Enquirer: 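Sharing a structure with you now.
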Protein chains: 2
Amino acid sequence: MISKKTKYAINALVYLAKQGEQKPIRISDISISQNIPQKFLEAILLDLKKAGILASKKGKGGGYYMLMAPKDVNLAEVMRLFDGAIAFLPCVTYNYYERCEECIDEETCGIRDVFYEVRNKTVELLKQANLEEIISREGNLKNFS
Amino acid sequence: MISKKTKYAINALVYLAKQGEQKPIRISDISISQNIPQKFLEAILLDLKKAGILASKKGKGGGYYMLMAPKDVNLAEVMRLFDGAIAFLPCVTYNYYERCEECIDEETCGIRDVFYEVRNKTVELLKQANLEEIISREGNLKNFS
DNA sequence: AATTAGTCTATTGAAGCTATAGACTAATAA
DNA sequence: TTATTAGTCTATAGCTTCAATAGACTAATT
């Protein structure tokens with residue numbers, strides 16, 4: 001499960017990406033419309049700014065706005081930013097590699113092999129899911145089971 | 001990331017599945033060979049027994065052994081048993097459905113649509129990964145990136 | 001100069017994960 | 001039948017992380 005922080009971040013990003021013209025949007029506006037605790041949101045937006053995804057403007061008329069193009073911001077990036085590794089095991093991550101303490105031979109571990117495949121497929125799908133894609137998918141009705 | 005509990009469970013299951021003949025294996029044997037704290041392992045094995053995957057025998061010569069056939073035990077089942085839902089969002093789970101508080105219209109949520117696809121692919125791969133499959137995969141060398 | 005709005009530091013409460021301790025129960029073998 | 005072995009159950013403790021809040025501070029705009 002992704003954290004609330006990540007979920008809030010995605011919601012805020014989609015919201016900002018939908019504001020066609022890049023006028024700064026106040027934190028309080030995002031907070032209210034997306035139902036995110038304001039102080040919590042402030043920290044999230046700061047992180048997104050540090051990551052180069054958003055930019056901000058201070059003073060009257062200030063707020064946050066997209067710096068990167070919506071099509072260049074994907075869910076893999078956002079999830080890594082807030083929740084760290086996407087994979088199920090530390091030994092199959094791109095950027096957060098860590099050896100399993102109890103593992104005897106990583107190179108021949110069947111469990112690792114499975115989770116490696118899962119990670120690859122997951123990251124592939126999450127990279128395709130950029131903000132533009134997400135917005136365009138709204139309204140795709142699906143059957144759940 | 002999966003919990004240590006799940007990881008321990010998988011390791012214990014693979015270990016038991018490898019013991020061809022179904023003689024009971026002592027908890028302490030599994031604990032030592034798989035490097036799992038014994039008391040913690042006891043709780044895990046009990047859960048696996050309650051789930052019908054393992055069975056146990058008390059007294060001298062007792063221990064745990066596979067009840068289900070290794071090819072009928074897959075990682076999706078084990079992960080759900082210990083960590084709950086596999087999906088990234090509560091609104092795209094099979095058995096743990098929960099609505100996102102801040103969501104306005106679930107049926108048209110582009111984020112949900114993405115994570116729904118990810119879940120489907122993930123569960124599909126995890127279901128294929130049964131104990132027999134995992135054991136047979138040992139030794140598949142892979143290139144990581 | 002006043003106002004507005006973002007920035008930073010610290011802290012708190014709740015929850016979940018990991019691990020441990022100890023008492024209890026049941027089955028086996030001698 | 002008795003000693004021993006080994007699984008079962010309950011409780012709890014430490015730690016970490018997540019989520020949220022508070023308040024003081026800083027900078028830009030009009």
Side-chain angles (χ1 to χ4, degrees), chain A residues 1-12 16 23-32 34-51 53-67 79 81-85 88-90 96 98 100-102, chain B residues 1-12 16 23-32 34-51 53-67 79 81-85 88-90 96 98 100-102:
Chain A
M1 288 281 174
I2 62 176
S3 65
K4 284 206 168 185
K5 206 167 187 177
T6 300
K7 214 155 80 178
Y8 288 156
I10 298 171
N11 283 123
L16 286 175
K23 272 200 333 188
I25 310 290
R26 269 183 306 213
I27 294 179
S28 60
D29 284 350
I30 306 173
S31 165
I32 291 167
Q34 297 302 299
N35 207 15
I36 305 171
Q38 175 151 350
K39 279 293 182 181
F40 200 17
L41 178 60
E42 286 177 14
I44 293 167
L45 294 174
L46 257 187
D47 285 341
L48 290 170
K49 180 185 176 183
K50 281 176 195 154
I53 298 173
L54 298 181
S56 67
K57 197 161 170 286
K58 290 189 176 185
K60 187 163 189 177
Y64 276 93
Y65 56 94
M66 296 295 302
L67 184 58
M79 288 175 64
L81 193 57
F82 293 102
D83 285 350
F88 281 121
L89 287 180
Y96 304 86
E98 217 170 306
C100 294
E101 306 160 26
E102 70 282 357
Chain B
M1 288 282 174
I2 63 177
S3 64
K4 283 205 169 187
K5 206 168 186 174
T6 300
K7 214 155 80 177
Y8 288 156
I10 298 172
N11 283 124
L16 287 175
K23 271 200 333 186
I25 310 289
R26 269 184 307 213
I27 294 179
S28 60
D29 285 349
I30 307 174
S31 165
I32 291 166
Q34 296 303 299
N35 207 14
I36 306 171
Q38 175 151 349
K39 279 294 182 180
F40 200 17
L41 178 60
E42 286 178 14
I44 292 167
L45 294 174
L46 257 188
D47 285 342
L48 289 170
K49 181 185 176 182
K50 281 176 196 155
I53 297 171
L54 298 180
S56 67
K57 195 159 171 287
K58 290 189 175 184
K60 187 163 190 175
Y64 277 92
Y65 55 95
M66 294 296 303
L67 184 57
M79 287 174 66
L81 194 57
F82 293 102
D83 285 350
F88 281 122
L89 286 180
Y96 305 86
E98 217 171 307
C100 294
E101 304 158 28
E102 69 282 358

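In what follows, chains carry the letters A, B, and so on, assigned in the order in which the sequence lines appear, proteins first and then strands, with residues in each chain numbered from 1. Because the structure is a prediction, the values reported are computed rather than measured.
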Enquirer: Check the pair A:Met1, B:Leu89 against side-chain contact (heavy atoms from CB on, under 4.5 Å), reporting the backbone distance first and the verdict last.
Expert: CA-CA 6 Å; A:Met1 288 281 174; B:Leu89 286 180; 5.5 Å; no
Enquirer: Tell me: CD1 of A:Ile30 to C1' of C:dG6, nearest whole Å?
Expert: 12 Å
Enquirer: Axis-to-axis angle across the helix from C:dA1-D:dT30 to C:dA30-D:dT1, five pairs an end, to 10 degrees?
Expert: 10°
Enquirer: Could you tell me the separation between the CG atom of B:Asn35 and the P atom of C:dA19, rounded to a whole number of Å?
Expert: 10 Å
Enquirer: Please report the distance, rounded to the nearest Å, between CG in B:Asp47 and P in D:dC9.
Expert: 10 Å
Enquirer: Might you point out which heavy atoms bring A:Gly62 and A:Arg26 nearest each other, and give the distance in Å?
Expert: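 Reported closest heavy-atom pair: O-CG, 3.8 Å.
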Enquirer: In whole Å, I'd like the distance from the CG atom of B:Asp29 to the P atom of D:dT5.
Expert: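 My rounded result for the distance is 14 Å.
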Enquirer: May I ask you to check whether A:Thr6 and A:Ser3 show a side-chain donor-acceptor distance below 3.5 Å?
Expert: yes
Enquirer: Of B:Gly63 and A:Lys60, whose closest DNA chain D nucleotide lies nearer the 5' terminus?
Expert: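 Looking at the nearest nucleotide for each, B:Gly63 comes out on the 5' side.
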Enquirer: What does the B/S/- profile of nucleotides 10-26 of chain D look like, 5' to 3', with a 4.0 Å heavy-atom cutoff to protein?
Expert: ---------SSBBBB--
Enquirer: Starting at NZ of A:Lys50 and ending at C1' of C:dG6, how long is that distance when rounded to a whole Å?
Expert: 12 Å
Enquirer: Regarding A:Lys49, tell me which of base, sugar-phosphate or nothing describes its non-hydrogen contacts under 4.0 Å with the strands shown.
Expert: sugar-phosphate
Enquirer: Should A:Leu81 and A:Leu48 count as side-chain neighbours, where that means a heavy-atom distance under 4.5 Å?
Expert: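 Contact flag for A:Leu81/A:Leu48 side chains = yes.
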Enquirer: Taking the side chain from A:Ser56 and the backbone from A:Gly63, do they hold a donor-acceptor pair closer than 3.5 Å?
Expert: no
Enquirer: Side chains of A:Phe82 and A:Ile44, heavy atoms from C-beta outward: is any pair under 4.5 Å?
Expert: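 Side-chain contact under 4.5 Å: yes.
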Enquirer: Take the protein atom CZ of B:Arg26 and the nucleotide atom C1' of D:dT4, then report the distance between them rounded to whole Å.
Expert: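 After rounding, the gap between these two atoms is 13 Å.
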Enquirer: Does A:Leu45 reach a base, just sugar-phosphate, or nothing at all? Heavy atoms under 4.0 Å.
Expert: nothing
Enquirer: Looking only at side-chain N and O atoms, does A:Ser56 come under 4.0 Å of OP1 or OP2 in C:dT7?
Expert: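 Yes, because at least one side-chain N or O of A:Ser56 sits under 4.0 Å from OP1 or OP2 of C:dT7.
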Enquirer: Under 4.5 Å between any side-chain heavy atoms of B:Asn35 and B:Tyr8, yes or no?
Expert: no
Enquirer: Using side chain to side chain contact (heavy atoms under 4.5 Å, CB included) as the criterion, list what pairs up with A:Tyr65, not counting sequence neighbours.
Expert: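 Partners of A:Tyr65 by the side chain to side chain contact (heavy atoms under 4.5 Å, CB included) criterion, ordered by chain and then number, come out as A:Pro24, A:Ala55, A:Lys57.
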Enquirer: Just how far, in rounded Å, is P of D:dG7 from CG of B:Leu46?
Expert: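 Answer to the nearest Å: 10 Å.
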Enquirer: I want to check something: taking the side chain as every heavy atom from C-beta on, are A:Lys5 and A:Asp47 in contact at a cut-off of under 4.5 Å?
Expert: yes
Enquirer: Distance check needed: C:dA5 P versus A:Leu41 CG, whole Å only.
Expert: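 After rounding, the reported distance stands at 15 Å.
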